[in-house]
Each structure stands twice: as structure tokens, then as C-alpha cells.
Amino acid sequence: MAAQRSIALCADDYGLSMGVSLGILEALDAGRLTAVSALTNVDRWPAMGRELARRRHDADIGVHFNLTLGRPLANMPKFAPGGVFPPLREVIRAAMRGKLPMEEIRAEIDRQIDRFYAVMGRAPDHLDGHQHVHALPGVRTALFDALEKRGLTGEKLWLRDAGDRMHRIVIRGSDMRKALAVRAIGRGYRREAVARGFLLNEGFAGFSDFDPQSDYAAQFETYLRAPGERHLVMCHPGRVDEDLRAQDPVTVTREQELAFLLSPRFEDVMLNRSAALGRLRREV
């Protein structure tokens, strides 16, 4: 029998809405997640964060740094002049041209990390980014600076590297367009993070086109192919509510992902791939 490969499974977007958050808590309670990434700039975060802190789970809890959804925690006249974050394509374009207002972004980084501390009463176990903005040039350097300032280097925290190796992306064949695009915008991210003493996952999957007609169980199986040494899979489970519908186009598939995670089929897929859930915080 093949040795089991440890897989970290992280649910993104905690705090986005009550429905999304409660769905993630269901998966946590069932022991089907090993990490949760929280949006700390959203209105739901304080209440849902306290609910998360109240529960004792064997899972890493971290910051899902955000520059593209909702509102900043304070005024950002250059980056978000209308009081709302710009769309992803504009953020990427400005980052690649070195045109981001970094003073404003550094301040927002501090605010979002500080809001995690304020609600959870402790440091985050990890940090990643909504729509992978944490890996963008300029943004990543500012994030590394903010974490170093708080002493969160080495084994105190792990960072998400969403840009996997080319051969692994090809073997999985799951939404390669997104996987390759994220790999491209994050070029140099891993090298800079390692040079500054941060720990990262090694191997990443979970890209999806969020098509309600797709078989998520079959898609999930591809995420377990060609795993890295510290393989991380992202997912987006949750319950759909009006709050979610008003903010995000990804709705129905969140319910489908949650149903799969809570089903016996999840166990079957993991068993067939000789995979077992494990925390990156402990393994790194």
C-alpha cells in the first residue's frame, strides 16, 4: 500500500457573508479542513471571527489579504477613490507597471492584519491573498515587511505560494488558464519570500472555473495529482445567502463544494489518492 501523502486543505473567504462563514464552520466541525483564510476588511469579520476563535479546531487560521472586494478599512484616495476596491485587472495592471500607491497599500496591510489580531487575540498562522493579490510585485514586498515588523518569520507563520511548477499544472489539467496566469503574475514571489526567511507550501492546486455544471468531486481528484512535498489545496465552500449574492458571483458552487466535503465521496477520493489531511503549520 502506498504511503499516505499529507494534504493541507484551506477554505478561502471566511467572513465574506454569514452563509459562507457558517458553511466553512460546518466543514471545520466535520474535520474536513486544515486551514481557513479570513477576509478581515469585511463587515462580517468581527462577529464571525469571534465565532471562529470560540471553537477549538485542529486547523490553521490566517489572513486572506484583500485589495479587490468590498471596501478598505480606511480612506485610500489614490487606490480606491470611490471608497471601493478596484477590480482585479486594474490592480494587476498597476502592479506590473509599478504604479500602485504603495504608501496607501502598506497602511491597508497593517489595518487588515491588525484587525485579525484584534478579533482573534493572537497572530495569524498563515497569510494569503484574495484573488492571489499577495503575490503581486510591490504588494508582496510590503506584506513581507509588515510580517517581519511583527516578528512573523520562520516557523511562526507560513505563506501561500499559488504558483506551482509547470509540469504539475499540466498533469492536473484543471483550469490551466487560471493556474498559469497566477504563476505568471507571481513570478519571483517564492524566491523573495524564501530569501527573507518565510516558510511556504510546496505544491498548490484548487483552481476552478466555478461552473455549477461541473462535477466538483472529479475536479477535486485532479487537485491531488502530482502533489508537492507540502501540498496545499484551496477550496471555496459555503452556504448561499443574499449577502453573498450581493457581493460575489460565485454562489451555487460554494454549496456544491461544501456538500462534497461533507460527503462520503470526499473520503473515497482521498483514499483513492492515498491522501490524508494535515496542517502546514505543524509540518513546516
Side-chain angles (χ1 to χ4, degrees), residues 10-28 33 35-55 57 59-77 79-91 104-136 139 142-143 146-147 160 162 206 210 234-255 257-258:
C10 182
D12 289 356
D13 298 346
Y14 187 87
L16 176 57
S17 76
M18 183 173 290
V20 167
S21 303
L22 291 176
I24 291 173
L25 289 175
E26 283 184 68
L28 266 179
L33 297 171
V36 172
S37 289
L39 291 159
T40 63
N41 71 301
V42 295
D43 293 340
R44 293 288 185 183
W45 165 243
M48 298 313 302
R50 286 189 289 270
E51 182 62 26
L52 189 60
R54 185 180 67 81
R55 300 168 182 236
H57 292 294
D60 297 333
I61 310 298
V63 174
H64 199 46
F65 178 65
N66 177 26
L67 288 175
T68 60
L69 175 69
R71 299 177 177 275
L73 288 169
N75 190 33
M76 299 179 74
F79 184 73
V84 177
F85 283 138
L88 177 62
R89 64 181 179 277
E90 293 183 14
V91 180
E104 291 185 1
I105 288 175
R106 286 178 182 274
E108 182 66 14
I109 288 170
D110 284 334
R111 289 189 290 263
Q112 291 189 26
I113 295 175
D114 288 346
R115 208 172 189 220
F116 183 96
Y117 274 93
V119 172
M120 298 298 288
R122 64 173 181 85
D125 295 310
H126 66 275
L127 183 142
D128 52 47
H130 185 62
Q131 297 184 313
H132 312 289
V133 296
H134 69 296
L136 288 170
V139 177
L143 280 165
L147 295 172
R160 177 182 294 183
F210 301 113
M234 69 174 171
C235 60
H236 299 82
R239 298 293 183 191
V240 177
D241 55 15
E242 290 306 314
D243 194 10
L244 173 64
R245 291 191 181 97
Q247 299 182 78
D248 194 81
V250 181
T251 54
V252 175
T253 56
R254 294 183 189 269
E255 296 260 10
E257 290 192 29
L258 179 60

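Basis for what follows: all heavy atoms, side chains included, without hydrogens, waters or symmetry-related copies.
Other residues, nucleotides and ligands contribute more than 12 heavy atoms inside 6.0 Å of the CG atom of D114. Atom CZ of R55 has more than 12 heavy atoms from other residues, nucleotides or ligands within 6.0 Å. Within a 6.0 Å radius of CZ in R71, other residues, nucleotides and ligands contribute 12 heavy atoms or fewer.
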Determine, stepwise, if the pair I61 / R122 fulfils side-chain contact (heavy atoms from CB on, under 4.5 Å).
CA-CA 10 Å; I61 310 298; R122 64 173 181 85; 3.4 Å; yes

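Residue S17 holds its OG atom at 10.5 Å from CD of E242, rounded to the nearest 0.5 Å. A distance of 4.5 Å separates CG in L258 from CZ in R239, rounded to the nearest 0.5 Å. Rounding to the nearest 0.5 angstrom, the gap separating the NE2 atom in H236 from the CG atom in L16 is 10.0 Å. Atom NE2 of H132 sits about 7.5 Å away from atom NE2 of H64, to the nearest 0.5 Å. Taking CE from M18 and CD from E51, the interatomic distance works out to 9.5 Å, rounded to the nearest 0.5 Å. To the nearest 0.5 Å, atom CG of residue L33 and atom CD of residue E26 are 11.0 Å apart.
In terms of the salt bridge (Lys or Arg N to Asp or Glu O under 4.0 Å) criterion, E104 has no residue partners (sequence neighbours excluded). Shown here are the salt bridge (Lys or Arg N to Asp or Glu O under 4.0 Å) partners of D241, two or more places apart in sequence or in another chain: there are none. Applying the salt bridge (Lys or Arg N to Asp or Glu O under 4.0 Å) rule to D248 yields the partners R254; only residues at least two apart in sequence or on another chain are considered.
A heavy-atom distance below 4.5 Å is found between the side chains of V133 and T68. Proximity of F85 to V91: side-chain heavy atoms (C-beta onward) are nowhere separated by under 4.5 Å. Contact check for M234 versus S37: no side-chain heavy atoms found under the 4.5 Å cut-off. At least one side-chain heavy atom of L28 sits under 4.5 Å from a side-chain heavy atom of L52. In this structure, E90 and F79 have side chains that are not in contact, with every pair of non-hydrogen atoms separated by 4.5 Å or more. Counting heavy atoms from C-beta outward, L73 and E108 have side chains that approach closer than 4.5 Å. Using a 4.5 Å cut-off on side-chain heavy atoms (C-beta onward), L127 and I113 make contact. You'll find the side chain of M48 stays beyond 4.5 Å of the side chain of V20, heavy atoms only.
N66 places a side-chain N or O within donor-acceptor distance of the main-chain N or O of L69, the cut-off being under 3.5 Å.
No side-chain N or O of D12 forms a donor-acceptor pair with one of H130 less than 3.5 Å apart.
Of the residues Q112, R50, R115, the one that meets the side chain to side chain contact (heavy atoms under 4.5 Å, CB included) test with W45 is R115.
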